[in-house]
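Step one of this worksheet: look at the structure below.
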Amino acid sequence: MANITKKVSWSSRADESGATGEGTPLLNGSEQPRHSRQLSEGRSIFQIGRLSTVDLEEEITSEEDSLRGRPKEIPHNEKLLSLKFESLDYDNIENQLFLEEERRMSYMGFRCLEISRWVVCGLIGFLTGLIACFIDIAVEELAGFKYQVVKENIEKFTEVGGLSISLILWAVLNSAIVMIGAIIVAFFEPIAAGSGIPQIKCYLNGVKIPRVVRLKTLVVKVCGVICSVVGGLAVGKEGPMIHSGAVVAAGVSQGRSTSLKRDFKIFEYFRRDTEKRDFVSAGAAAGVSAAFGAPVGGVLFSLEEGASFWNQMLTWRIFFASMISTFTLNFFLSIYHNKTGDLSSPGLINFGRFESDSVAYNLYEIPLFIAMGAIGKSYFILFFTRYVHRPCLQVMEAMLVAAVTATVSFTMIYFSNDCQPLGPEHTEEYPLQLFCADGEYNSMATAFFNTPERSVRSLFHNQPDTYNPLTLGLFTLTYFFLACWTYGLAVSAGVFIPSLLIGAAWGRLFGRLLAAITSSGSIWADPGKYALIGAAAQLGGIVRMTLSLTVIMVEATGNVTYGLPIMLVLMTAKIVGDYFVEGLYDIHIKLQSVPFLHWEAPATSHWLTAREVMSSPVTCLNRIEKVGTIVDTLSNTSTNHNGFPVVVQVTGSDEPAKLCGLILRSQLIVLLKHKVFVELARSRLTQRKLQLKDFRDAYPRFPPIQSIHVSQDERECMMDLTEFMNATPYTVPQETSLPRVFKLFRALGLRHLVVVDDENRVVGLVTRKDLARYHLGKHGLEELQLAQT
Amino acid sequence: MSLSKSSLSLLLFILNMSTIALSDGLNLTALHSADKLKQIPSLNRAAAAVVVNSPMFKPAVEPIFSLNLLSSFPEDLEISDYCKELLNIFGQRYVAYVSCLVPAARPVTVCQKCFSSFGSLREAYANISSESGPGNVSCSESLLRGDRLMVVNQLNTSLEELWTSSACDNCVTKGLQRLTNDTLYFMNTLNQTDDCFDKYRQGNHTELCKNCKSTYQELNELYGRMEKNQTMCIDIEDSMNMTRRLWSKYYNCSVPREETVPVIAVSSFMLFLPIIFYLSSFLHSEQKKRKLIHPKRAKSYTSLMNIQDKLG
């Protein structure tokens with residue numbers, strides 16, 4: 001099954017769409033037969049069809065026994081690990097070059113590095129804030145325009161008749177806008193679909209998701225989000241902000257853009273996975289902070305959901321980035337609103353201030369809040385199993401959803417008899433009168449005929465009797481189904497706002513019913529308060545975040561006194577929810593077959609030792625190796641290792657040789673490219689010595705081995721790996737238990753762990769996929785299967 | 001309002017004490033005018049008496065420094081006569097404005113009826129707060145900020161707030177001279193509509209709905225324009241609200257819901273589309289198959305029987 005890294009054809013959209021991924025990619029272009037074991041994984045996928053973008057594959061894992069010529073095929077399910085995902089190199093490669101560079105660097109050099117880290121974080125915050133600001137303004141303007149057009153049309157036809165035309169107009173407008181968004185996502189950058197939070201989670205966990213932090217992804221994401229929100233889908237623009245922040249971080253910290261072919265020659269030191277990962281967590285935090293106006297929440301989000309690696313300095317820097325981001329957004333929005341300097345809109349979503357009266361809650365309300373938390377577990381179990389893989393179908397699907405959303409909203413509004421007097425300050429942005437008395441508006445329309453953020457705010461803050469229970473109940477139900485349906489679409493959009501909206505609607509309903517059954521209830525059962533708690537419960541039930549979500553909610557409402565009820569509600573929501581099903585993001589990650597390492601190894605796995613876990617045998621290289629061997633090893637599709645233990649042969653022995661280092665595929669490729677051969681070095685005295693810079697320049701898109709030409713003569717040369725290999729790789733004895741290995745991986749961010757016997761001979765290699773396949777299922781420990789996708 | 005009322009009495013009481021010497025013998029007129037003020041329940045008569053006395057003080061009266069104060073404070077700590085006069089005038093105008101406001105409370109006509117008395121109140125207050133008076137005397141220090149209670153200031157603030165929240169500025173020209181043309185035009189249109197309502201009030205309301213529709217609509221549009229231009233005050237809003245309520249609720253002239261059938265038809269067509277879509281793509285595609293890969297593991301330890309063997 002050798003598939004190869006050929007450029008050409010893999011369909012440029014790989015899977016990703018929601019649930020299954022579309023799978024075709026793999027094997028085309030397999031003309032070059034590779035030998036030996038190894039099944040390649042990596043390459044496949046995501047690489048769009050350009051040679052230059054091909055990523056290396058890596059990870060060992062799956063060696064496949066060559067005897068199985070025809071592997072078993074099974075339908076996609078969530079109990080698979082995909083071969084296409086590779087690990088990131090979070091472990092520093094301490095080879096001689098590295099040590100040399102460190103020696104050369106002066107004290108000032110290190111100080112400058114530290115300073116530039118801060119500069120980068122500041123830039124990340126600034127740019128993320130700008131992007132948030134851009135999205136916000138674009139959505140506001142375009143949605144305002146759309147609603148204005150539809151509103152005028154409806155007003156015109158209310159009197160003369162022909163409201164079905166307004167309905168069609170609304171549906172067509174929606175689908176047209178969504179179509180643009182869906183086209184750019186489906187045809188240009190499928191990875192930009194969805195909120196991007198699962199992908200960023202995986203990235204920070206150490207899994208390389210191809211193309212997830214590219215500039216193109218960012219552009220598609222931003223435009224896609226604007227289109228889907230303006231198109232009236234049941235989505236929010238907050239989730240994608242996190243992804244956008246991460247992309248900004250990954251881009252800025254590198255000081256160049258491979259997509260634009262521009263290299264600014266700055267921040268070169270940061271061109272490796274370790275540094276990049278830190279910045280990406282800062283970017284994700286900045287994104288959260290811009291989305292919700294919650295800088296502390298952003299930092300905690302990075303800590304809770306993302307970063308697997310953490311230290312105090314990093315936390316402080318991330319906090320800096322978050323603050324800058326929320327401040328930037330705030331500042332530019334204040335200019336946009338003609339109130340320059342009035343920093344009162346810190347986030348994309350503004351919950352508004354809860355006034356003193358409605359803020360008060362009593363001790364006896366807490367059990368009620370907890371009960372609400374129990375309701376708010378994840379309903380999002382409903383995935384539409386997707387049969388829709390082709391991009392044009394995905395576009396059509398998105399358009400249909402948009403049209404249906406408009407239709408359903410219109411019908412609800414049309415048949416609603418819930419009329420409310422217009423408020424004095426016109427809190428309703430686009431009041432629709434329809435069949436209400438003059439001077440009143442249809443309150444169903446404020447919920448549906450509005451951007452979701454505004455609806456959330458009006459649910460929180462409108463007068464207690466603004467919505468009648470029937471309206472709220474219907475709204476909750478329809479919006480819930482719409483949101484579930486929308487979730488799997490190939491458009492970029494977040495799930496935060498729909499969940500908040502659903503939660504706020506039923507929370508408000510709860511509050512109203514409470515007020516109705518208790519005679520004196522109207523005094524304390526302020527529906528706005530219950531709407532907030534409902535929103536928190538719903539969101540907590542869906543995304544299953546705890547600490548960070550509490551802080552985000554508290555910061556977004558600007559009210560610390562709500563901390564306790566929100567915390568209790570989120571706790572109950574999580575406990576109840578976990579009893580039934582995993583959180584949305586985890587489900588997503590599983591469906592993508594990502595080898596994700598959780599915090600802990602599965603319980604009851606101590607009896608497994610490294611011997612059972614590891615892959616074996618391992619392709620090893622000699623310290624002084626023939627170029628031909630290296631090229632063959634690398635081009636062998638079945639050696640999907642990305643790292644090769646380097647050994648010294650014990651003379652005259654058949655035993656595996658002793659381990660003396662570890663070298664990565666990417667390093668070998670750079671070496672081959674620069675033709676660092678022993679013979680050449682001798683003949684050409686002038687040859688420049690290879691430096692760490694040469695490796696950084698090739699990062700992160702190392703060319704595939706096929707693009708490197710090695711002549712027949714050169715194949716006979718020798719290569720000395722001593723200087724380049726990591727001379728002290730982490731090793732474990734064969735008897736190490738799985739949880740110990742797991743801890744090493746998780747804490748150190750390892751990619752390869754060599755298993756050695758008591759004489760330091762290589763017996764196997766443990767990689768991420770070897771560990772991630774174990775998980776605790778209903779019947780005890782289960783093992784996931786590896787599959788090509 | 002209750003705050004300002006009680007503080008009003010307080011103020012008047014103070015005034016009373018300090019002006020007794022001057023106002024002897026004027027009680028007759030006082031009683032006469034006090035009758036007018038009966039509507040203001042909490043106003044006490046004695047206080048009212050003083051207020052009404054005050055007409056004898058014109059703003060332009062020259063300060064009488066020789067007349068000295070009853071109190072034992074040294075001269076520079078007590079308020080001057082000039083200031084006392086100003087205070088008096090303020091009180092008098094205050095009462096006039098309030099007595100105009102109360103009857104105009106429902107239906108709201110506070111802007112149309114009381115803008116001129118508000119204008120004079122404002123003028124009086126401006127005199128007090130201006131920094132320079134005749135002989136460089138400034139009353140603002142002693143009258144406005146002399147004590148913790150700051151009665152004059154508070155009274156004025158409460159009425160200013162009332163004025164601001166009624167948005168009367170939008171209906172009255174600068175300098176509070178007269179109503180703006182827009183307002184007059186609106187009132188005119190409103191009257192036409194009311195006339196029309198009156199005309200057809202008897203009998204069938206459908207008749208009214210039909211015949212008054214054009215004027216009502218004109219009024220509605222005018223109101224919409226004014227709403228957009230922010231040229232509305234509480235008077236206009238209130239009268240429009242009343243008219244709308246009459247039109248929609250009382251006469252029942254709202255648009256009826258008539259097009260249920262086409263709307264249902266179109267929406268069910270729309271809802272039908274996704275069903276076709278999913279059905280067809282379900283039929284035309286099959287689930288992607290995944291190829292399983294069997295990783296290479298150390299074979300020598302099979303005795304341990306690891307799970308993957310069981311599964312595989």
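Below, chains carry the letters A, B, ... as their sequence lines are ordered, and counting in each starts from 1.
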A:I168 vs B:F269 side-chain heavy atoms within contact, under 4.5 Å
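No; the side chains remain at least 4.5 Å from each other.
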Q) So do the side chains of B:S267 and A:Y414 get within less than 4.5 Å of each other, counting heavy atoms only? A)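 The answer is no; the side chains never approach within 4.5 Å.
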Q: Side chain from CB out, backbone as N, CA, C, O: work out which of these in A:F410 comes under 4.5 Å of a heavy atom of chain B, or both, or neither.
A: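 Looking at A:F410, just its side chain touches chain B.
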Within a 6.0 Å radius of atom CE on B:M242, are there more than 12 heavy atoms belonging to other residues, nucleotides or ligands?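 Check fails, neighbour count at 12 or below.
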**Item:** Exceeds 12 heavy-atom contacts within 6.0 angstrom, atom CZ of A:F415
**Value:**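 Above 12, so yes.
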message: Which atoms of B:Y216 are under 4.5 Å from chain A, going by heavy atoms: the side chain, the backbone, both sets, or neither?
response: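 Side chain of B:Y216 only, per the 4.5 Å heavy-atom cut-off to chain A.
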Q.
Which atoms of B:T260 are under 4.5 Å from chain A, going by heavy atoms: the side chain, the backbone, both sets, or neither?
A.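 Both parts, heavy atoms under 4.5 Å.
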Shortest non-hydrogen contact from A:S164 toward B:V263
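Nearest heavy atoms, A:S164 then B:V263: N-CG2, 4.2 Å.
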query: Pick one: which of A:L400, A:T407, A:T405 meets side chain to side chain contact (heavy atoms under 4.5 Å, CB included) with B:M270?
result: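 Checked A:L400, A:T407, A:T405 against B:M270; only one passes side chain to side chain contact (heavy atoms under 4.5 Å, CB included): A:T407.
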